[in-house]
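Note sheet for the following structure.
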Amino acid sequence: MLQLNYIREKKDEAIERLKIKNFDAKPILDEVLELDNVRRKTQNELDAVLAEANNLAKQVGELYKTGKKAEGDELKNKSTSLKENSKQLEDKLASLEAEQHKLLVQVPNAPSSKVPKGKTPEDNENVYQEGDIPKLHEGAKPHWELASKYDLIDFELGVKLTGAGFPVYKGKVARLQRALINYFLDKATKAGYLEIQPPIMVNEASGYATGQLPDKEGQMYHSTIDNLYLIPTAEVPITNIYRDVIVKAEQLPIKNCGYTPCFRREAGSYGAHVRGLNRLHQFDKVEIVQIAHPDKSYETLEEMREYVATLLRELELPFRILKLCGGDMSFASALTYDFETYSAAQQKWLEVSSVSNFETFQSNRLKLRFKGAEGKPVLAHTLNGSALALPRIVATILENNQTPEGIKVPKVLVPYCGFDLIN
RNA sequence: GGUGAGGUGCCUGAGAGGCCGAAAGGACCAGUUUGCUAAACUGGCGUACGGGUAACUGUACCGAGGGUUCGAAUCCCUCCCUCACCGCCA
């Protein structure tokens with residue numbers, strides 16, 4: 001949610017920036033400010049009425065105490081009429097606030113000035129590429145065929161147990177996933193991230209604070225009997241640790257990481273492009289989260305970007321980094337880098353990580369603040385990124401590393417796996 | 001699931017219709033002093049939304065929402081949550 005102050009002070013800038021996201025903010029922001037004027041006026045009126053009522057109540061108390069009952073009764077009547085008035089004003093204020101909030105939550109985050117213009121993924125800016133696209137041997141297969149060839153992943157069994165999008169991993173690939181998780185967590189810890197094991201179900205309040213609710217309600221699995229939601233990413237519980245928290249400035253940046261399974265209903269996305277591991281309802285991911293000082297958050301973003309690049313480099317996977325264009329960015333993000341690895345057998349790039357700076361967009365809802373220089377609470381910036389999501393990494397490893405003899409395990413994972421070849 | 005207790009500021013914890021945005025202690029910050037793995041003293045120390053160049057000031061907030069009352073942290077109702085014990089159990 002954008003800050004009201006920002007809109008008040010820099011409406012034109014906000015409108016300009018939002019154009020990059022192809023969002024015409026003018027009508028809605030105009031309305032927000034109009035409501036804001038009425039709101040402030042109403043609050044002024046209400047405060048005055050309440051002040052008078054408070055005053056009268058005090059006087060009545062005094063009069064009764066000193067035995068002047070008749071005078072007290074007179075004032076009593078007066079305050080009764082004030083009460084009706086204040087009731088009306090209160091209702092008006094509440095509905096104005098609700099209306100304003102309703103408009104505000106429809107406005108996406110204003111993108112950073114570094115965000116390229118554009119509408120579709122084709123307009124994303126390829127800012128970096130590394131690694132050689134492997135040349136596969138004759139008869140190389142996509143990962144879903146490798147999965148059955150070596151009896152690694154059983155998609156049909158997952159259907160039997162749960163449904164499509166819930167695969168069963170077996171033997172060496174199960175071990176490979178465990179290895180990846182441990183490797184990612186070890187790396188993150190070395191990079192200064194505190195490891196967190198959060199709950200993987202969250203309540204409504206948490207869902208609202210990070211923005212999954214109410215908009216993306218249909219994207220989360222919902223346990224209605226307890227009114228809890230399965231998390232779509234560890235970002236939700238980890239970021240919510242800092243909901244309604246005022247941290248000390250010297251604590252910044254706060255660096256947390258966590259491994260969790262992630263659950264996504266992915267309602268509406270079916271078809272050939274979701275084959276195999278490409279899109280699942282349940283998958284594993286290690287997430288990194290940082291809470292940064294507003295002056296430092298873009299440095300932090302670059303640091304996180306470099307961190308994720310290191311992981312892919314060490315896994316020996318060819319990857320590229322895209323700076324997302326305005327049209328392809330998420331609602332909440334101010335600047336996003338997507339990481340894609342090249343899947344040689346599918347001959348396409350697969351998104352494996354997304355690293356974003358949300359500036360104050362999340363912290364405004366979270367009420368995540370730090371004590372600024374003057375001792376006043378200031379909204380912190382939040383950032384997060386996948387480091388990394390497993391299924392597509394697994395898919396790429398299986399495909400890119402296949403040889404006639406079997407699938408080679410990346411060197412850094414061998415100590416974690418205890419084997420170097422899947423055959 | 002059953003029974004009981006309870007939700008007050010960063011923490012502990014008082015308050016039981018007006019003197020309460022809220023005692024006291026701790027933590028924290030600033031200063032004074034004595035000096036030395038620190039102590040003592042003094043002062044400061046919530047958040048949000050308004051008004052004001054500012055000093056300052058108005059309102060709201062004691063789990064949430066209603067109600068009673070001239071007046072509610074305090075009384076009543078509903079809901080939520082937490083803790084303890086029992087039951088069940090990885």
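Every chain is numbered from 1 and lettered A, B, ... according to where its sequence line falls, protein lines coming before strand lines. Note that the coordinates shown come from a computational prediction; the quantities given were computed from them, not determined experimentally.
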When the distance from [atom1] of [X] to [atom2] of [N] is rounded to whole Å, what number comes out?
X	N	atom1	atom2	value
Q43(A)	rA60(B)	CD	P	11 Å
D226(A)	rG1(B)	CG	P	9 Å
N55(A)	rU59(B)	CG	P	8 Å
D91(A)	rG66(B)	CG	P	9 Å
L93(A)	rA60(B)	CG	P	12 Å
K248(A)	rC45(B)	NZ	C1'	13 Å
N203(A)	rC80(B)	CG	P	14 Å
I246(A)	rC28(B)	CD1	P	18 Å

Inset, instruction - Verify the distance criterion only: is there a donor paired with an acceptor across the side chains of D73(A) and Y64(A) at less than 3.5 Å? - result: yes
Legend entry - T239(A) and Q362(A) side chains, donor-acceptor separation under 3.5 Å: no
Inset, instruction - Might you point out which heavy atoms bring V115(A) and L335(A) nearest each other, and give the distance in Å? - result: CG2-CD1, 3.5 Å
Legend entry - E62(A) side chain near K68(A) side chain, heavy-atom distance below 4.5 Å: no
For [N] versus [M], give the span between their [atom1] atoms, rounded off to a whole number of Å.
N	M	atom1	answer
rC88(B)	rC77(B)	C1'	34 Å
rU47(B)	rU34(B)	P	35 Å
rG65(B)	rA60(B)	P	14 Å
rG7(B)	rC56(B)	C1'	36 Å
rA72(B)	rC62(B)	P	11 Å

Inset, instruction - Could you say whether D47(A) or R39(A) is positioned toward the 5' end of RNA chain B, judged by the nucleotide with the nearest heavy atom to each? - result: R39(A)
Legend entry - Cation-aromatic face contact K172(A)/Y150(A), 6.0 Å, 45 degrees: no
Inset, instruction - Take nucleotides 71-79 of chain B nucleotide by nucleotide from the 5' end and write B, S or -, depending on whether a protein heavy atom sits under 4.0 Å from the base, only from the sugar-phosphate, or from neither. - result: S--------
Inset, instruction - Any chance you could lay out the salt bridge (Lys or Arg N to Asp or Glu O under 4.0 Å) test for R305(A) and E302(A), step after step, and finish with the verdict? - result: CA-CA 5 Å; R305(A) 171 185 146 171; E302(A) 294 308 312; 3.7 Å; yes
Hey, does [X] reach any base, or is it just sugar-phosphate, or nothing, if we go heavy atoms under 4.0 Å?
X	answer
K371(A)	sugar-phosphate
N54(A)	sugar-phosphate
L75(A)	nothing

Legend entry - ring pair (Phe, Tyr, Trp, His ring centres under 6.0 Å) pairs, two or more places apart, involving residues 164-190 of chain A: F166(A)-H281(A)
Inset, instruction - May I ask you to verify if any side-chain N or O of R369(A) is less than 4.0 angstrom from the OP1 or OP2 atom of rC10(B)? - result: no
Inset, instruction - Ignoring backbone atoms, test whether R40(A) places a side-chain nitrogen or oxygen under 4.0 Å from the OP1 or OP2 oxygen of rC49(B). - result: no
Which one, [options], comes nearest to the side chain of [X]?
X	options	result
D36(A)	rG50(B), rG58(B), rG46(B)	rG50(B)
K76(A)	rU47(B), rC70(B), rG58(B)	rC70(B)
P377(A)	rU47(B), rC70(B), rA60(B)	rU47(B)
R8(A)	rG50(B), rG67(B), rA48(B)	rG50(B)

